[in-house]
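For reference, the structure is listed below as structure tokens.
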Protein chains: 4
Amino acid sequence: MKQSTRPTAKRTGDDSRRDILAAAYDVFAGRGYAGAAMRDVANRAGISVGGIYIYFPTKEELYLALLRSEMEDFNLYIGRVADMEPAQALKALIDSYLDYAVRKTKLVSLHLKEHDLEIRKPLKELFLSSQHRIIRGILQDGMDSGVFRKMEIDRAAPVVFSCVRGLVLSYLSEGQGAGTQSEMLYEILLNGIMEKTG
Amino acid sequence: MKQSTRPTAKRTGDDSRRDILAAAYDVFAGRGYAGAAMRDVANRAGISVGGIYIYFPTKEELYLALLRSEMEDFNLYIGRVADMEPAQALKALIDSYLDYAVRKTKLVSLHLKEHDLEIRKPLKELFLSSQHRIIRGILQDGMDSGVFRKMEIDRAAPVVFSCVRGLVLSYLSEGQGAGTQSEMLYEILLNGIMEKTG
Amino acid sequence: MKQSTRPTAKRTGDDSRRDILAAAYDVFAGRGYAGAAMRDVANRAGISVGGIYIYFPTKEELYLALLRSEMEDFNLYIGRVADMEPAQALKALIDSYLDYAVRKTKLVSLHLKEHDLEIRKPLKELFLSSQHRIIRGILQDGMDSGVFRKMEIDRAAPVVFSCVRGLVLSYLSEGQGAGTQSEMLYEILLNGIMEKTG
Amino acid sequence: MKQSTRPTAKRTGDDSRRDILAAAYDVFAGRGYAGAAMRDVANRAGISVGGIYIYFPTKEELYLALLRSEMEDFNLYIGRVADMEPAQALKALIDSYLDYAVRKTKLVSLHLKEHDLEIRKPLKELFLSSQHRIIRGILQDGMDSGVFRKMEIDRAAPVVFSCVRGLVLSYLSEGQGAGTQSEMLYEILLNGIMEKTG
DNA sequence: CATGAATGAGGATTCATTCAT
DNA sequence: GATGAATGAATCCTCATTCAT
């Protein structure tokens, strides 16, 4: 005899997908891939366990979808450095990485934790090559405009990337001084630590 | 309810401990803390499941013991840079980190994967402060002898450490060019990437 | 790692709960708390091991739920003596206890076996105080109406309760002659065994 | 090069047996049959796990041996009531039971907990029949000497025994007032609770 | 689309028992 | 006699996945 005259505010499929992904973000980030429980994802998403499986066929697929969605987000975020002045771009790159890590600490942490998960491989390669391309672009611009010295770009770019990534890692690990360290890294990358003689 | 078994006492307790630790190294490194199964550790160690518990009361203790034992190993390994010339020491530091990562890829990978595991905290802090100390020593020496320019050591040291760690991370992640990249990092850290004007 | 199963949803949740409780009754009663295996409860309930945990979060909770449910049952059963004539009430009390023990032998046996289990304490105290109250009521009535002699009720009630409980214990232990012994206890409690002189 | 010049104070086999039995007493009593661990018995006995198996082939046998040894002890303790005056003997019986329960609370508690363990059956029957015999003796004496009224001894004896046992059970369960309750039981058994009319 | 009860393999841990020393 | 490391079955509990409703 119970009738609901006002229709339950139903989610569209897309809403549900989004909710699940958002919940997955929290749960995976908080406990790692192995430690994450589908039930927790379901609870946090306000959906039933079975409901998840309508949108994602396995835990693995859910995880991958999460990574994909976050990567898009990140690429958009980092893209803005593309048409800045070289030195400025480098600074912006470092800051962007660190900002992103601050905003999405748990996700970046997750990437680290699952850095060698086999299923991540294709996605990871996509990501790396795109990041390397951006940095190569910056270095090339700098050399072309005479701001940066002559370097073998293909060797230098990965190293610059490493340094930036290392800073992020330190932030995740120790958690302090993101701002001050980004300044310092910028300065060291530009000038080195050696005394300029002559 | 009646159980009958036939124990095989072939090893000394110390042997078993070592075997278990070695097996734990492989299993934890390969699958992370949560993903590692005690049964797999046992199989790989050539001991029974119960046998592990004679030497390590819980999975957590086993993991911690593994970390402790490896940290000692690493500290010994890295200690040799202490009394080198500053620039040389920096190069040696980078190489040592990378060498270690090459030799013990899976272990270093494990550190990354479990970088935020609560139980690791005390051990991690010990490690970090000891590494920072070493680098501060190198920088100080360099400044004292006029090889390095004036820097705020307390800000520079963590950044240098970050860069080295970033390189290790890249090696783990992409796996190529350890040698060539270590050269490049050394050079960039010393000279920066900017054109020296004047 | 991949699991595929085929659940059989034939019962309502309430049915399952009831089935599990019934199975728990048998298993706990038969083997005691420590000796009881969740798997056996599951098998007997016609449910999977995991299924139990949907309704009862731990073995301890299952046990407690069982005790609670049975205590309610018993209190209903014993309540009817409240408004009888004193002597009649005493007889009914003895009979009720014994009847209950006959009907639910294994459960009462379980109470005995786990009489000092820490987790039972609150429940036990509830039970004891309620039983003592009933008996004090009977004795008071009897004294008021002059059927029973003057006694210190607070001392007598626990002893009467002990005697009844002892009879139950004997039934559980030896298993014979419930009927005849209840008569005898009634008579001895009323008249004692001493020769009435004068 | 370590020599022990003074010979280790070695135990004889009998000593070890006794130590094990004493340890078993504590462990079994404290945790019940299923909950008791052989290792704990060993530790408490100051012997190795394997050592126990020299004296007792299984856990079950150890338990039985414990019961046997304690039963002998009890029979000796209770035997002294045999040649007292009837009423006095009854009082002594109640007190003895209660005293014993006070002294060996945990053991008596164990009997209760494992009261239906199949392996205990033969021992239990032995015990019961001996206790019933003693009580029948007291009642018979009392009737013969005219102190007690005419009763069917075979029906009364088990009931008297039940009452005594019930008192012990109450002591174990609630733990208070052993002294005061034994007085009360004695009085009620002798006189009953009914008003003596006429 | 959504639900959530059900499944059962698998995980960490315990423990009676054995046997080489 | 005595030791204690070793065994492995068994315990409680978790969780990815399925499917009747």
Side-chain angles (χ1 to χ4, degrees), chain A residues 8 10-13 16 34-42 47-55 57-60 62, chain B residues 1-13 15-17 34-42 46-60 62, chain C residues 1-13 15-17 34-42 46-60 62, chain D residues 8 10-13 16 34-42 47-55 57-60 62:
Chain A
T8 320
K10 245 183 200 161
R11 288 180 293 205
T12 69
S16 292
M38 292 299 265
R39 177 151 332 193
D40 293 340
V41 175
I47 203 176
S48 66
V49 228
I52 296 181
Y53 287 85
I54 295 168
Y55 299 96
T58 61
K59 186 185 182 183
E60 197 174 299
L62 172 58
Chain B
M1 288 297 169
K2 291 252 159 101
Q3 294 160 259
S4 103
T5 50
R6 176 174 345 273
T8 335
K10 39 190 166 208
R11 294 170 294 196
T12 72
D15 282 341
S16 293
R17 242 192 96 92
M38 293 299 266
R39 186 166 321 225
D40 292 340
V41 175
I47 203 177
S48 64
V49 222
I52 296 181
Y53 288 86
I54 297 169
Y55 300 96
F56 305 95
T58 60
K59 186 185 182 182
E60 192 174 306
L62 173 58
Chain C
M1 288 293 170
K2 292 254 156 98
Q3 295 159 261
S4 105
T5 49
R6 179 175 340 276
T8 334
K10 40 193 167 203
R11 295 170 290 196
T12 72
D15 281 342
S16 294
R17 242 192 95 91
M38 291 300 264
R39 186 167 318 228
D40 292 340
V41 175
I47 203 176
S48 63
V49 218
I52 296 180
Y53 288 85
I54 297 169
Y55 300 96
F56 305 95
T58 59
K59 185 183 182 183
E60 191 173 307
L62 172 58
Chain D
T8 321
K10 244 183 199 157
R11 288 181 293 205
T12 69
S16 293
M38 292 298 265
R39 179 151 333 197
D40 293 341
V41 175
I47 202 176
S48 66
V49 227
I52 296 180
Y53 287 85
I54 296 167
Y55 299 96
T58 63
K59 185 184 183 184
E60 196 173 301
L62 172 59

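These numbers come from a predicted model, not from an experiment. Labels below follow one simple rule: chain letters A, B, ... track the order of the sequence lines, proteins then strands, and each chain is numbered from 1.
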Are any of [X]'s side-chain N or O atoms less than 4.0 Å away from OP1 or OP2 of [N]?
{"X": "D:T58", "N": "E:dA16", "value": "no"}
{"X": "D:S48", "N": "F:dG4", "value": "no"}
{"X": "A:S16", "N": "E:dC1", "value": "no"}

How long is the line joining [atom1] of [X] and [atom2] of [N], in whole Å?
{"X": "A:I52", "N": "E:dA2", "atom1": "CD1", "atom2": "C1'", "value": "12 Å"}
{"X": "B:I47", "N": "F:dA5", "atom1": "CD1", "atom2": "P", "value": "10 Å"}
{"X": "D:K59", "N": "E:dC15", "atom1": "NZ", "atom2": "C1'", "value": "8 Å"}
{"X": "A:Y53", "N": "F:dA16", "atom1": "OH", "atom2": "C1'", "value": "4 Å"}
{"X": "A:Y55", "N": "E:dT3", "atom1": "OH", "atom2": "P", "value": "9 Å"}
{"X": "C:E60", "N": "F:dC12", "atom1": "CD", "atom2": "P", "value": "13 Å"}
{"X": "B:I54", "N": "F:dA6", "atom1": "CD1", "atom2": "P", "value": "5 Å"}
{"X": "A:L62", "N": "F:dC15", "atom1": "CG", "atom2": "P", "value": "16 Å"}

Identify the heavy atoms of [X] and [Y] that sit nearest to each other, and give their distance.
{"X": "A:Y53", "Y": "A:T58", "value": "CE2-CA, 4.4 Å"}
{"X": "D:A42", "Y": "D:I52", "value": "N-CD1, 3.6 Å"}
{"X": "D:G35", "Y": "C:A34", "value": "N-CB, 4.2 Å"}

### Task
Would you indicate what B:A42 reaches in the nucleic acid, counting non-hydrogen atoms under 4.0 angstrom: base, sugar-phosphate, or nothing?
nothing
### Interatomic distance, C:I54 atom CD1 to C:R17 atom CZ [nearest 0.5 angstrom]
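If we round to the nearest 0.5 Å, C:I54:CD1 and C:R17:CZ are 12.5 Å apart.
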Between [options], which nucleotide has the shortest distance from any of its atoms to the side chain of [X]?
{"X": "A:M38", "options": "F:dA16, E:dA16, E:dA12", "answer": "F:dA16"}
{"X": "C:R39", "options": "E:dA2, F:dT3, E:dG10", "answer": "E:dG10"}
{"X": "C:V49", "options": "F:dA16, E:dA6, F:dC13", "answer": "F:dC13"}

### Query
Between B:G50 and C:A34, which is nearer to the 5' end of DNA chain F once each is assigned its nearest nucleotide?
B:G50
### Test item: B:K59 side-chain N/O and B:A37 main-chain N/O as donor-acceptor pair under 3.5 Å
no
### Query
Between the axis at one end of the helix from E:dA2-F:dT21 to E:dT21-F:dA2 and the axis at the other (five pairs apiece), what's the angle to 10 degrees?
10°
